[in-house]
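All remarks here apply to the structure that follows.
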Amino acid sequence: MFEQTQIQEFKEVKSSRSRDIRFTSPSCSHTPFFLIQAFTLIDQNRDGFIDKEDLKDTYASLGKLSVKDNELEDMLREATGPINFTMFLTLFGEKLHGADPEDTLLNAFKLFDHDARGFIHKDELQNLLMTQAEKFTPEEVKQMFQSSNIDAAGNLDYKSLCYIITHGEEREE
């Protein structure tokens, strides 16, 4: 529904207006406060649904007046029905949490699985995560390893990790 740049732009605009936004952990069972605020801000006419006029008004309030109707309609078509709060969470959730389809994650890990065994050594992965792109902190790596299946030799089962990332829990065998 929204591009990653649009999500970031919204976060920046919103945080500049209200510095006391509380973000909850993706693993929390309750809705992050900023998502409730986002829905409320986008639902400009306060009818409980986001429609094309709401999107147009939201863009205008952010200073973007040149949004084309077909772009707005494309966003709305991503939903399987009217966009109420539940539908909004469904559409927005994956993009906010950075979740990719499981096969996309698996393909990324396969690049580093030189023997095609389904494992990457945790030291190699830690090095990659802490030195490339959006660098992980030691604490973030530690948290990821706590959720991962790692054998005695230090090999991380990335197939299992991808399942956990995309489904939230380990698969029962």
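Along the sequence shown, residues are numbered consecutively beginning with 1.
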| said: Would you say that N155 contacts I150 through its side chain, given a criterion of any heavy-atom pair below 4.5 Å between the two side chains? | reply: no
| L65 with L72, same ILVMFWY side-chain cluster at under 4.5 Å | no
| message | Distance check, rounded to the nearest 0.5 Å: D113 atom CG versus N107 atom CG? | response |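 The CG atom of N107 is 11.5 Å from CG of D113, to the nearest 0.5 Å.
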| said: Let me confirm one number: the CG-NZ distance from L156 to K159, rounded to the nearest 0.5 Å. | reply: 12.5 Å
What donor-acceptor contacts under 3.5 angstrom involve side-chain atoms of residues 115-132, with partners at least two apart or in another chain?
residue : atom : partner : partner atom : Å
H121    : ND1  : D123    : N            : 3.1
H121    : NE2  : A153    : O            : 3.0
T131    : OG1  : N127    : O            : 2.6

| field | Residues that T80 engages under side chain to side chain contact (heavy atoms under 4.5 Å, CB included), provided they are two or more places apart | value |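 Scan of T80 (side chain to side chain contact (heavy atoms under 4.5 Å, CB included), adjacent residues dropped) gives M87.
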| field | Candidate pair L161 and N149, rule side-chain contact (heavy atoms from CB on, under 4.5 Å), full reasoning | value | CA-CA 7 Å; L161 178 61; N149 290 329; over 6 Å; no
Listed pairs under 3.5 Å, donor-acceptor, residues 42-53 side chains, sequence neighbours left out:
residue : atom : partner : partner atom : Å
D43     : OD1  : R46     : N            : 3.4
D43     : OD1  : D47     : N            : 3.4
D43     : OD2  : D47     : N            : 3.4
D43     : OD2  : G48     : N            : 2.8
Q44     : NE2  : L41     : O            : 2.5
N45     : OD1  : D47     : N            : 3.3
R46     : NH1  : T40     : O            : 2.5
R46     : NH1  : D43     : O            : 2.6
D47     : OD1  : F49     : N            : 2.9
D51     : OD1  : E53     : N            : 3.2
D51     : OD1  : D54     : N            : 2.9
K52     : NZ   : E73     : OE2          : 2.8

| said: On a heavy-atom basis, which atom in D157 and which in S160 lie closest, and how many Å separate them? | reply: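 Smallest interatomic distance, heavy atoms only, reads OD1-N, 3.2 Å.
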| Quick check: does any side chain N or O of S61 sit under 3.5 Å from a backbone N or O of T58, one acting as donor and the other as acceptor? |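 Present.
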| field | Residue pairs passing the ring pair (Phe, Tyr, Trp, His ring centres under 6.0 Å) test where at least one lies in residues 129-160, sequence neighbours excluded | value | F109-Y158
| query | For N84, what residues pass the side-chain hydrogen bond (donor to acceptor under 3.5 Å, both in side chains) criterion, not counting sequence neighbours? | reply | none
